[in-house]
Trainee: 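Provided herewith is a single structure, encoded as structure tokens, for subsequent inquiry.
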Amino acid sequence: MIESHSLTLHASIIALFRKAVRIVSPDSKPNIVLERPRQADHGEFACTLALQLAKTTHRPPRELAKALIDALPPSKFIEKIDVAGPGFINIFLTPAAKQSVVSEVLNSNGRWGEINLGHQRRIQVEFVSSNPTGPLHVGHGRGASFGASLANILEKAGYRVQREYYVNDAGRQMDILTVSTWLRYLAGFGSLIAFPPNGYQGDYVTEMANHLRGAEGARLVRTDQAVLQGSSGFAMNQHDDVPTEAQIEAHMDVLIANAKSLLGNDYRIVHQLALREQLADCREDLEAFGVVFDEWFSEQSLYDDGSIAKVVEQLAAAGHLYVQDGAQWFRSTAFGDEKDRVIQRENGIFTYFASDIAYHANKFARGFDVIVDVWGADHHGYIPRVMAALTALGLDAKRMHVPLVQFVSLYRHGEKVQMSTRKGQFVTLRELRTEVGRDAARFFYVLRKSDQHLDFDLDLAKSESNDNPVYYVQYAHARIHGVLAKWGGESNRLSQVALTPLNSPQEFALMQWLREYPETLELAAREYAPHMVAFYLKELAAALHSYYNAVQFLVDDESLKLARLALICAVAAVLRDGLALLGVSAPEKM
RNA sequence: GUGCCCGUAGCUCAAUCGGAUAGAGCACCAGCCUUCUAAGCUGGGGGUUACAGGUUCGAUUCCUGUCGGGCACACCA
């Protein structure tokens with residue numbers, strides 16, 4: 001990390017206050033915090049130290065504030081200090097201290113905003129992790145945007161980040177996809193079996209069936225009687241009664257079992273084809289969305305290498321398991337969960353919870369200092385049991401964090417669009433990307449707090465995409481580039497120019513925003529809140545547009561011109577950097 | 001029923017670990033292009049922060065309760 005002048009400025013002012021406290025109130029050890037006042041006439045920094053100390057010292061805050069200011073050692077950065085309101089200490093920087101940020105940005109080689117919050121600790125961000133049973137939909141898009149932006153921000157904040165996708169390639173949902181593909185394949189050879197209501201009904205399944213036919217010919221065809229052997233047959237068309245949920249699931253169980261026994265080792269061929277095609281599709285889709293993973297971690301591998309059996313043994317050996325009704329239970333209530341959880345079913349099959357324990361134990365074994373799981377909000381009840389299991393294994397569950405991303409509701413023609421992956425009635429991420437564009441989609445997704453429901457109005461996003469705030473930010477960047485292009489000089493020169501001509505309110509406002517960039521990133525990284533970066537960029541763009549309308553850049557006064565160009569060049573650099581963190585492009589022309 | 005999240009301008013949302021006069025965008029009204037991009041700017045109206053208490057110098061923020069919305073409460077994944 002570069003030694004930031006901005007941070008030393010911040011730190012040096014805190015150091016001044018620490019000295020002042022030693023004189024005014026030697027016994028106090030307060031946590032000294034500098035705030036950014038919302039209003040410009042409250043200075044560049046504000047300190048609430050006097051208000052904090054008032055309680056313990058039993059002295060009026062304004063009097064304390066005055067005493068602190070008197071005791072403050074002089075600083076070349078500080079123009080003046082005021083006491084305001086109930087006892088705020090407002091600090092006003094000298095013009096030179098404010099202007100210096102411009103050359104800092106321009107001389108940072110694109111590293112402005114880097115902070116050392118992470119101290120190069122290893123952090124894993126796992127996100128999306130959607131079942132590879134169909135195309136990603138708009139809900140996954142939010143998780144993808146959030147996770148990818150968060151990972152970028154954490155990297156900028158000094159963490160070594162690994163981006164991971166957990167592939168649920170081992171469960172029943174994959175079996176259902178496999179059977180669905182096979183049934184479509186059979187239908188292509190004249191099978192009359194009714195397609196089960198809980199099968200995957202999207203067109204992509206038929207496509208995979210065609211690929212299967214191309215690769216294997218008629219080799220995998222079996223008779224309808226054999227495929228349906230042992231099923232109640234409710235799903236045949238002649239049946240009028242509406243089947244119950246349990247009947248539907250039982251029917252699927254029979255189909256899966258029959259498929260496995262009828263196809264033998266060839267079942268794996270169908271399974272692998274479906275998995276391979278879905279993963280490839282998913283990866284391509286995400287990459288086009290600007291979301292790239294370092295690792296695609298297979299759930300199946302945890303079965304194959306015995307990891308799951310191993311953690312279950314570990315838990316058993318530690319006395320955390322018991323048997324009831326033939327199933328094996330984990331006593332998670334001993335670790336704060338509200339009820340105990342089944343880890344191995346009566347039929348001997350491990351639950352998803354079991355593989356999840358093994359997966360998280362594996363993450364810890366890989367040596368990450370911090371583990372971040374980005375989950376949908378509907379999984380919130382799942383957190384305590386995973387934490388419980390990790391604690392039971394002797395791992396430090398506090399190193400795991402689970403930011404929850406709330407649902408996305410899609411609106412089309414003013415009506416809520418119902419989404420169901422199985423029935424194939426959903427708007428896919430791919431469709432969304434095509435309709436509103438990658439930049440708008442990525443920005444729109446992180447434009448609200450992750451724990452807030454997101455209403456995505458497709459018509460608005462499509463028909464009035466010019467109103468999308470992303471264009472506002474990108475336009476600021478394009479405008480700056482336009483000016484620099486018109487000027488035609490060497491941008492590198494600008495990092496050396498004298499900045500003293502910059503003294504208008506708009507210029508000081510812009511410089512203040514530039515200085516806040518690292519602080520915004522620190523907060524966003526701390527709180528796992530990429531939306532802060534999006535809001536920051538809107539503010540910075542607003543300050544730029546305002547400035548753009550107020551002054552002329554290419555003026556005759558050479559020193560004034562260069563100083564102004566240096567300022568907007570620095571603004572462009574920060575806009576570009578911030579947009580990149582969010583996976584949004586920074587066009588030079590619009 | 002129990003647990004978690006949420007409730008802020010007409011609408012969509014912010015608000016820097018409790019800070020100063022709660023801010024933007026959209027919509028509405030009035031202005032600004034002979035000059036570097038008007039996808040822009042300037043100004044204006046719009047609020048009992050769901051409600052009632054509590055904690056303190058200070059509460060949208062923390063605590064309790066009520067009302068309203070979402071989600072979760074499997075030997076599913």
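Letters A, B, ... mirror the listed sequences (proteins, then strands); counts begin at 1.
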Trainee: If you only use heavy atoms from C-beta on, which nucleotide in rA15(B), rC36(B), rA77(B) is closest to the side chain of Val483(A)?
Mentor: rC36(B)
Trainee: So which nucleotide from rC76(B), rG40(B), rA39(B) ends up closest to the side chain of Arg479(A)?
Mentor: rG40(B)
Trainee: Scan for salt bridge (charged side-chain N to carboxylate O under 4.0 Å, His left out) pairs involving residues 328-337 of chain A, sequence neighbours excluded, and state none if there are none.
Mentor: Asp337(A)-Arg341(A)
Trainee: Has Arg448(A) got a side-chain N or O lying under 4.0 Å from the OP1 or OP2 atom of rA24(B)?
Mentor: no
Trainee: For rA15(B) and His531(A) - does any side-chain N or O of the residue sit under 4.0 Å from the phosphate oxygens OP1/OP2?
Mentor: yes
Trainee: What does nucleotides 67-74 of chain B look like as a protein-contact string, B for base, S for sugar-phosphate only, - for none, at under 4.0 angstrom between heavy atoms?
Mentor: ---SBSSS
Trainee: Are there runs of at least three consecutive Watson-Crick or G-U pairs touching RNA chain B, with each pair's two distances under 3.5 angstrom? Give them by first number.
Mentor: B:1-7 with B:67-73, B:10-13 with B:23-26, B:28-32 with B:40-44, B:50-54 with B:62-66
Trainee: For rG19(B) and Arg38(A) - does any side-chain N or O of the residue sit under 4.0 Å from the phosphate oxygens OP1/OP2?
Mentor: no
Trainee: Touch check for Asn90(A), heavy atoms < 4.0 angstrom, all strands: base, sugar-phosphate only, or nothing?
Mentor: base
Trainee: Val533(A) pairs by side chain to side chain contact (heavy atoms under 4.5 Å, CB included) with which of Leu523(A), Leu579(A), Val446(A), Leu582(A)?
Mentor: Leu582(A)
Trainee: Among rU35(B), rC17(B), rG40(B), which is the nearest nucleotide to the side chain of Asn549(A)?
Mentor: rG40(B)
Trainee: Classify Tyr548(A) by what it touches in the nucleic acid, base, sugar-phosphate, or nothing, heavy-atom distance under 4.0 Å.
Mentor: base
Trainee: Can you tell me if Gln52(A) touches the phosphate of rG18(B), counting only side-chain N or O atoms and a distance under 4.0 Å to OP1 or OP2?
Mentor: no
Trainee: So what does Gln452(A) hit on the nucleic acid, given a heavy-atom distance under 4.0 Å: a base, only sugar-phosphate, or nothing?
Mentor: sugar-phosphate
Trainee: Can you identify which nucleotide, out of rA77(B), rG40(B), rG19(B), has its nearest atom closest to the His545(A) side chain?
Mentor: rG40(B)
Trainee: Run the ring-ring contact (aromatic ring centres under 6.0 Å, His included) test against Phe335(A) and tell me which residues pass, sequence neighbours left out.
Mentor: His320(A)
Trainee: Ignoring backbone atoms, test whether Arg564(A) places a side-chain nitrogen or oxygen under 4.0 Å from the OP1 or OP2 oxygen of rC36(B).
Mentor: no
Trainee: So Val551(A), base contact, sugar-phosphate only, or nothing? Heavy-atom distance under 4.0 Å.
Mentor: base
Trainee: Any salt bridge (charged side-chain N to carboxylate O under 4.0 Å, His left out) involving residues 545-562 of chain A? Give me the pairs, sequence neighbours left out, ordered by first then second residue.
Mentor: Glu558(A)-Lys561(A)
Trainee: Touch check for Ala46(A), heavy atoms < 4.0 angstrom, all strands: base, sugar-phosphate only, or nothing?
Mentor: base
Trainee: Quote, to the nearest angstrom, the P distance that separates rG25(B) from rG68(B).
Mentor: 35 Å
Trainee: When you check the gap from the basic side-chain N to the acidic O, do Arg172(A) and Glu249(A) get nearer than 4.0 Å?
Mentor: yes
Trainee: Taking only residues two or more places apart in sequence, or in another chain, which ones meet Tyr548(A) in a ring-ring contact (aromatic ring centres under 6.0 Å, His included)?
Mentor: Phe553(A)
Trainee: Are any of Tyr471(A)'s side-chain N or O atoms less than 4.0 Å away from OP1 or OP2 of rA39(B)?
Mentor: no
